[in-house]
2 protein chains.
Amino acid sequence: MSARRGQPLTIQEIYAAVLRLVDEGGVENLSMRKLAAELDVNPMSLYHHVENKDALLRGACTAVALGLRLPPDDGTPWQEQLRALAHAYRSIALSHPALWSYVNAHPGLVEQEGGMWEVFNRVLAAAGVPAGELVRVRTVLYTFVSGLLTAETSGLLAGLDPDGDAETTFDAAVDLILDALGSRVT
Amino acid sequence: MSARRGQPLTIQEIYAAVLRLVDEGGVENLSMRKLAAELDVNPMSLYHHVENKDALLRGACTAVALGLRLPPDDGTPWQEQLRALAHAYRSIALSHPALWSYVNAHPGLVEQEGGMWEVFNRVLAAAGVPAGELVRVRTVLYTFVSGLLTAETSGLLAGLDPDGDAETTFDAAVDLILDALGSRVT
DNA sequence: ACCTGAACACCGTTCAAGT
DNA sequence: ACCTGAACACCGTTCAAGT
């Protein structure tokens, strides 16, 4: 018999429940059986919508990544666009810290993070980074932001700036690296 | 009866087996039962030497951290000492990538990473960083290296530099951030 | 002091069976 | 098409018992 109240059980419904469990207790708090209980469903029903636990997590990560708000290709200066990209990425990371930490430790898990890399490429090209160095520069910049967010999601950035919050420190650090980049490309 | 060949089972022996398992299959490859099998011992015997699995992992991480080769306090320039510190840290991360990734995602797991923070403080003070900004600068620098190593341990840095290996990219990135720091303190 | 076996409450996943 | 129950091979950990 069907213990469920409504319609079949959608993948969105499943992802939402995954986020609830992971947000509240980390990735290690997610189990197929707990997830089924959260959805008021038999554990085995999940396997009709998802290949296995790994695929489920990958799917949830991709779903979150698609929510990335990429800066548009208007004429604004590259520094501003990079800042906007960094903040968009940070916003997603902070809304699901545990899941982001998991993705960060397993890169390649989500192939296209909402087209982030293409935008990154465009802005860096506009900044004057030669095509041959693009991937390297992009990777280094990304790792920098990734490191900052690792610190922030673990509370290492909290109360670090006497006059402000973690965002102040994040901004200052991004400015630092943008200055360094600027002095290289000009 | 004792299925073991020799003496009681030392904590060093246990940590060594933990490293073997984690190095070869990641932290998720470590289970108390597999570890016991690796040591040719009853699973329950482990609990006589270690409180539980979390404490075991924490202990193994601390043991590794104690192997950090800190740069001595000779008169060498601060840039060179920071580079040496970064390389010492990198060396440990690369020798146990999976364990390092775990520590990186769980900061505060190992309290004193072999006195790394004290050395960091000393060198930054020598570089002219005001005492009030020391922790913030240190944290930002650390997160930068942490991000680079996350990339390197996941293979993102491999083959990025046309003329060299991942170390070349690592060095170039460290130089970039040292330049940025230098232009702030002088 | 150190080790052990049985037991408990969990896991992910397969498979044959139900509607 | 979608769901389910029983089953299998795993987990971490407790506890009473052995030497």
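Chain A is the first sequence line, chain B the second, and so forth, proteins listed ahead of strands; every chain is numbered from 1.
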Does any part of the side chain of [Y], heavy atoms only, come nearer than 4.5 Å to the side chain of [X], both counted from C-beta?
X	Y	result
A:Val50	A:Ile14	no
B:Tyr142	A:Thr150	no
A:Trp78	A:Leu124	no

Options [options], nucleotide nearest the side-chain atoms of [X]:
X	options	result
A:Met44	C:dT4, D:dC3, D:dA6	D:dA6
B:Arg33	D:dC11, C:dA6, C:dC11	D:dC11
A:Tyr47	C:dT13, C:dG5, D:dT13	C:dT13
B:Asn52	D:dT13, D:dC11, D:dG5	D:dT13
A:Lys53	C:dG12, D:dG5, D:dG12	C:dG12

Base, sugar-phosphate alone, or nothing: which one does A:Ser31 contact when heavy atoms must sit under 4.0 Å apart? sugar-phosphate
Counting any heavy atom closer than 4.0 Å, what does B:Met32 reach on the DNA or RNA strands: base, sugar-phosphate only, or nothing? sugar-phosphate
Does the structure show a Watson-Crick or G-U wobble partner for D:dT19, both distances under 3.5 Å? Name it, or say none. C:dA1
Any strand is fair game: report the nucleotide pairing with D:dG12 by Watson-Crick or G-U wobble, both distances under 3.5 Å, or none. C:dC8
Whole angstrom is fine here: how far is it from [atom1] in [X] over to [atom2] in [N]?
X	N	atom1	atom2	value
B:Leu46	C:dT4	CG	C1'	12 Å
A:Leu9	D:dC2	CG	C1'	10 Å
A:Glu28	D:dG12	CD	P	14 Å

Find which nucleotide of DNA chain D each of A:His48 and B:Pro43 is nearest to by heavy atoms, and output the residue with the more 5' nucleotide. A:His48
Does the distance from a Lys or Arg side-chain N to an Asp or Glu carboxylate O, for A:Arg83 and A:Asp171, drop under 4.0 Å? no
Answer yes or no: does a side-chain N or O of A:His49 lie under 4.0 Å from OP1 or OP2 of D:dC3? yes
